[in-house]
Every structure is written in C-alpha cells, then in structure tokens.
Amino acid sequence: VLDVMDMGLLVIDYKRRKVEFAGANIPCFKVRALDPDETEQWQAGEFEAEEGAISNGKFLLETVNASKMPVGFSLRMDQEFALNEWEFEKDVSFYLVTDGYSDQFNGVTGRKFMKRNLKKLLLDVQDFKMTRQKDILEERFNSWMGKAPQLDDVLIIGLRAE
C-alpha cells in the first residue's frame, strides 16, 4: 500500500514582509480588494482577470497553483515542489481548501458544488470577519448537502493578514 497526501503550506514572514506558498495538489486562493483602476475597468466591462482568477467587482480571487503531485510516493518524486513567494500585503485573505467542499453532491439535484461556486462564495463573504465566514461556509455546505451523505473530508483554512 502506497501512502500519499495532498497538502498546502502557507507561511507569512512578518519580519521579511513576504508570503510563501507551496502546495501538493492543494492550491492557495488569495483574495484582495480591487484597486481603483481595476474597479473602473470592471465598471466599464473591460476588466479581464488572469487565468484561474475571478472577480465580483469588489474583490479579486487569484489562484496560486500547487505542484501537480502529492507528498509521498509518486512518479514525480525526483521533482521539487514549486515555491511561490510575494510581498506581504495587509487585508489580503488566503484560503487552503481540500476538494471535499467543491466535490460535495447536492441532496436534491445530485450535482456537485464545484470549485467555481466555492470561489464565488469566498468572494461573497469577504466583507465579514473570518469567524462569520466560517459560519456562512458551514451553513451553505450543510444546506447544499441536505440529506445526501458527506462524500469526503472537508477542510477550509482561511486567514486574513491584517
């Protein structure tokens, strides 16, 4: 039996004012407010988010991709995990999520929640404190799941750098 694990590691180095992320099949979602130029572009219908990013006109969610390999035995064991690093910014939220939330089936329609809907939901809760975000995400998940059995483990770790 081979054991592997998906994992994301996010480090905020306040001293160096850097944020670092490395993932094994677990991406990091980075959410920040749109700047005034981006807001103007959004309102004019001219805003174009980069691949993997979405916006609701107020916030931008960017996907920091993970390496496409697990921790443990894999065909890519000789490769190093990609390290992503950027400058620390205040009021930016970060989320590490397992696929359990987006893969959950609806108790009525039988459809999956989907990653795109999870990203939209994360954008929609940005005006709330993290404790309230947790409650909203949990309520939405339970409502979506209904009487369907929980398919997989569900973990969302969110933090806001203030």
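If you read the sequence from its start, that first residue is 1, and numbering goes on from there.
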Validation: residues 150-157 side-chain donor-acceptor distances under 3.5 Å, sequence neighbours left out:
residue, atom, partner, partner atom, Å
Q150, NE2, D152, O, 2.9

Open item on the list: One pair to check against salt bridge (Lys or Arg N to Asp or Glu O under 4.0 Å): E85 and R16. What are the steps and the verdict?
Closed with: CA-CA 11 Å; E85 183 178 85; R16 290 180 40 233; 3.0 Å; yes
TODO: Examine W86 and V31 and state if one hydrophobic cluster contains both, with Ile, Leu, Val, Met, Phe, Trp and Tyr joined whenever side-chain heavy atoms are less than 4.5 Å apart.
DONE: no
Open item on the list: Less than 4.5 Å apart, side chain to side chain, heavy atoms only: is that true for E20 and N84?
Closed with: no
TODO: Using modelled atom types only, decide if a donor and an acceptor are shared between the side chain of T39 and the backbone of D35 within a distance under 3.5 Å.
DONE: yes
Open item on the list: Which heavy atom of A66 sits nearest to which heavy atom of A24, and what is that distance?
Closed with: CB-N, 4.1 Å
TODO: Using the test salt bridge (charged side-chain N to carboxylate O under 4.0 Å, His left out), find all partners of R140 that sit at least two apart in sequence or belong to another chain.
DONE: none
Open item on the list: Can a side-chain donor-acceptor contact be found between K119 and T63 if the only test is distance below 3.5 angstrom?
Closed with: yes
Open item on the list: Testing the basics here: between F21 and I26, what is the closest heavy-atom pair and its distance to 0.1 Å?
Closed with: CZ-O, 3.1 Å
Task: Nearest-0.5 Å distance that lies between atom CZ in R160 and atom OG in S93 - done: 3.5 Å
Open item on the list: To the closest 0.5 Å, what do you measure between CE (M114) and CG (D103)?
Closed with: 8.0 Å
Open item on the list: Just checking E89: does its CD atom have more than 12 heavy atoms from other residues, nucleotides or ligands closer to it than 6.0 angstrom?
Closed with: yes
- [ ] Using the rule that two of Ile, Leu, Val, Met, Phe, Trp, Tyr join whenever any of their side-chain heavy atoms come within less than 4.5 Å, decide whether M130 and L118 are in one cluster.
- [x] yes
Open item on the list: Against E87, only a single residue in R17, K18, R32 fulfils salt bridge (charged side-chain N to carboxylate O under 4.0 Å, His left out); can you say which?
Closed with: K18
- [ ] May I ask whether V92 and F128 are part of the same hydrophobic cluster, defined by side-chain heavy atoms of I, L, V, M, F, W, Y residues being less than 4.5 angstrom apart, directly or through others?
- [x] no
- [ ] Quick one: pull up CZ in F47 and CG in L34 and give me the separation to the nearest 0.5 Å.
- [x] 5.5 Å
TODO: Answer yes if the ring centres of Y14 and F88 are under 6.0 angstrom apart, and no otherwise.
DONE: yes
Open item on the list: Nearest 0.5 Å, please: how far is CG in D6 from CE in M69?
Closed with: 11.5 Å
Task: Close side-chain approach of F81 to L9, heavy-atom, < 4.5 Å - done: no
- [ ] Starting at CG of L159, measure out to CZ of F94 and round the result to the nearest 0.5 Å.
- [x] 7.0 Å
Open item on the list: Would you say that more than 12 heavy atoms from the other residues, nucleotides or ligands in this model lie under 6.0 Å from the CZ of R111, or not?
Closed with: no
Open item on the list: Nearest 0.5 angstrom please: D124 CG to K120 NZ, how far?
Closed with: 9.0 Å
TODO: Quick one: closest heavy-atom pair of A148 and G107, and the distance?
DONE: CB-CA, 3.7 Å
- [ ] Measure up the Y101 and F113 rings against each other and bin them: parallel (under 30°), tilted (30 to 60°), perpendicular (over 60°).
- [x] perpendicular
Task: Residue pair L96 / L10, side-chain heavy-atom distance below 4.5 Å - done: yes
TODO: Using side chain to side chain contact (heavy atoms under 4.5 Å, CB included) as the criterion, point out the one residue from L123, L122, V64, I54 that pairs with F29.
DONE: L122
Open item on the list: Please give me the minimum heavy-atom distance between N25 and P70, naming the atom from each residue.
Closed with: ND2-N, 3.5 Å
Open item on the list: Check for me, please, whether F141 and L137 land in the same ILVMFWY cluster - side-chain distances under 4.5 Å, paths through other members count.
Closed with: yes
Task: Qualifying side chain to side chain donor-acceptor pair (under 3.5 Å) pairs, either residue in residues 49-61, two or more places apart - done: K58-D127
Task: Heavy-atom check, side chain of Q133 versus side chain of Y95, under 4.5 Å - done: yes
